[in-house]
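Below: one structure, written as C-alpha cells.
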Number of protein chains: 2
Amino acid sequence: MKKSDKENTEEKIFNAAKKVFVRKGSDGARMQEIADEAGINKSLLHYYYRSKDKLFAAVFEFFASKFFPDIFNIFNSDDDIFIKFEKFIHAYIDMLSKNPFIPMFMLNEIKKGNASFAIKVISRAGVNIKAFEQLVEKEIKKGNIKNVNPKNLIINMLGLIIFPFISRPLFEVLIFDNNKNAVDEFLAQRKEEVSTLIINMLKPEKTLN
Amino acid sequence: MKKSDKENTEEKIFNAAKKVFVRKGSDGARMQEIADEAGINKSLLHYYYRSKDKLFAAVFEFFASKFFPDIFNIFNSDDDIFIKFEKFIHAYIDMLSKNPFIPMFMLNEIKKGNASFAIKVISRAGVNIKAFEQLVEKEIKKGNIKNVNPKNLIINMLGLIIFPFISRPLFEVLIFDNNKNAVDEFLAQRKEEVSTLIINMLKPEKTLN
DNA sequence: ATTAAGTTTAACTATTTGGTCAAAATTAGA
DNA sequence: TCTAATTTTGACCAAATAGTTAAACTTAAT
C-alpha cells in the first residue's frame, strides 16, 4: 500500500480508538472492538501502536490537549474583563459542543490515576491558573468587578460550562423526555446563559448615590 | 460462624465492593481485588452474591439511592421558596461531603448504559422534576422570583453543587497545589457560596420607583 | 520482471479473570 | 457429643482478551 494509505490506516485505528475508549473507558474498551470499529485486522493495532496502553496513551493525550485548550490566553489579551470572560465561555462551549464526551472521559480517567499525565499536558498548553487568579484580584482592586473569590469563580464557571455535558445522559431522559433535539438546543443556548450568569456574578452593584 | 458474623462477612464484601467499584468502575474492578479489600476468600464473593454483575447491581442501587436522595420533597414543604433552595443545597452538599465519589461513579456508569436502571431508582425515590419546574413557574407568576428558565435553573444548581466533587482530582493539584485540607475547607464553604449564587439568580431586581 | 520493504491476515499463545466445586472447617441444635 | 446445616477455603475450569508470529500480500523502486 501507498504511504498515504498507511497514514490512512493509522488514522482509522486512531479514530476508532477514540470512539471506543470514550464509549467504554480504558478498562471497558476491547482491542477487538477497536479493530472492528476501524474495519481492520486486530493485529494491525499492535503493528501500529505496540500495545493497548500505548494506544490509550495516544488517545488520552489527544483528548487532554482538547480539554485544556490553548484558549486560556484569552485572559492575556487587553480586552475588557467582561469581554474576556464572554469570549472564553463561548470558545469553550463551542469546543465541547464538537467534543461533548471529552469532559466525562478526561475527568474519569484522571480520577483513575492519570492525573500526573494530565498535568504535563496542561502545563504544555500554557494553562496558568495562578495568572488567572492574579488577573481577577487586579480587576477587583481596580473596582472593575465585585470582590469574588477567584477559586470559586473558576469552579463556578467551569461547572456551569462543563456539567451539562457530563450529566447529559441523565438529564436528557429526566428533564427532556429523551428529546435529543431539545437537548442540543438547550446546550447551544447555554453560551448566553453562562455568560450572563458569570457577568452578573462579577458586575459591581450600582451605587445608589 | 454465627448469624451476626455471617452478616458481618456479607457486609465486609459489600463495603469492599463499594470501595473498589468506585475506585475502578464496573469494568476496572476485579473480583480478586474486592476479596483482598474485604480480607476474605474470592469464592465467598460468589457464595454471597452469585456473580460480579449481581454484586455490581447491589452497589449501583445503593449509590443510586444516595445520588437521588429523598430530599427533593424539600420543595414540597411550605417554606419560603428561598428557604427551600437553601435547605436543598445544604442537604445535598452535606450528603456529597460524606460520599464525595458518588457523582463521578453514578454519572459514568449511567453514561456506560445503566440509565434505565437509574431511572427506576429515581422514580422510586420520588424525584419529580416536572413538579419542580411547575413550582418555579408558579413562583415566577407570583412575582416572588425572577423570570428564569427552570431547566437552566436545575442544571445550574446541580452543576454548582456537584461539579467540584467530580473535578476534585484535577483542581486539587491544579488550583490547590495538592493541599487536601484546603480543598476540604473549600468544599465545605461551597454550601454558602452556592446558596448565595442561586438566591442572587432568583431575587427579583429591586424596583426603583 | 525482480526485489526488498512495508502492510495485512489468520492462526496461535499466554495471561487474566469470572466462576465452579468438592473438601475442610465452623456453627447451631438435638 | 453427634449431626446437619452453613460457611470458608484452595484448587481448578472455561472464557475472554492482549499480544505474537510467520506467512501472504501489496507497493515502490530498479
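Quantities reported herein were computed from a predicted structural model and do not represent experimental measurements. Naming convention: chains lettered A, B, ... in sequence-line order (proteins, then strands); numbering from 1 in each chain. No hydrogens, no waters, no symmetry mates; every other heavy atom, side chains included, goes into these values.
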Run the salt bridge (Lys or Arg N to Asp or Glu O under 4.0 Å) test against B:Glu61 and tell me which residues pass, sequence neighbours left out. B:Arg124

With a 4.0 Å heavy-atom cut-off, tell me which residues in residues 40-47 of chain B come close to DNA chain C, sorted by residue number. B:Lys42, B:Ser43, B:His46

Rounded to whole Å, the CD1-P distance (A:Ile13 to D:dG19) equals 14 Å

Distance, rounded to the nearest Å, where B:Asp27 contributes CG and C:dT17 contributes C1': 13 Å

Which atom of B:Thr9 lies closest to which atom of B:Tyr48, heavy atoms considered: CG2-CE1, 3.6 Å

Any luck finding a side-chain donor-acceptor pair between B:Lys203 and B:Asn200 under 3.5 Å? no

Between B:Asn149 and A:Glu193, is there a side-chain donor-acceptor contact under 3.5 Å, judged purely by atom types and distance? no

Roughly, in whole Å, what's the span from CE in B:Met31 to P in D:dC12? 21 Å

Whole angstroms only, please: what is the CG-P distance between A:Asp36 and D:dT17? 12 Å

Is the closest side-chain donor-acceptor distance between B:Ser77 and B:Asp79 under 3.5 Å? yes

Pairing residues for A:Glu133 by the salt bridge (Lys or Arg N to Asp or Glu O under 4.0 Å) criterion, not counting sequence neighbours: A:Lys151

How many Å lie between CZ on B:Phe56 and C1' on C:dG18, as a whole number? 16 Å

In whole angstroms, the gap separating C1' of D:dG19 from CD of A:Gln32 amounts to 12 Å

Across the strands shown, which category fits B:Ala35 at heavy-atom distances under 4.0 angstrom: base, sugar-phosphate, nothing? nothing

Can you check whether A:Ser51 has a side-chain N or O nearer than 4.0 Å to OP1 or OP2 of D:dA18? no

Taking only side-chain nitrogens and oxygens of B:Tyr48, does any of them come within less than 4.0 Å of OP1 or OP2 of D:dT8? yes

To the nearest angstrom, the CD-P distance between A:Glu11 and C:dT7 comes to 14 Å

Could you say whether A:Arg30 or A:Arg50 is positioned toward the 5' end of DNA chain D, judged by the nucleotide with the nearest heavy atom to each? A:Arg30

Once you round it to whole Å, what is the distance between P of C:dT7 and NZ of A:Lys12? 13 Å

Less than 3.5 Å apart, any donor N or O on the side chain of A:Asp36 or A:Gln32 sitting next to an acceptor on the other? yes

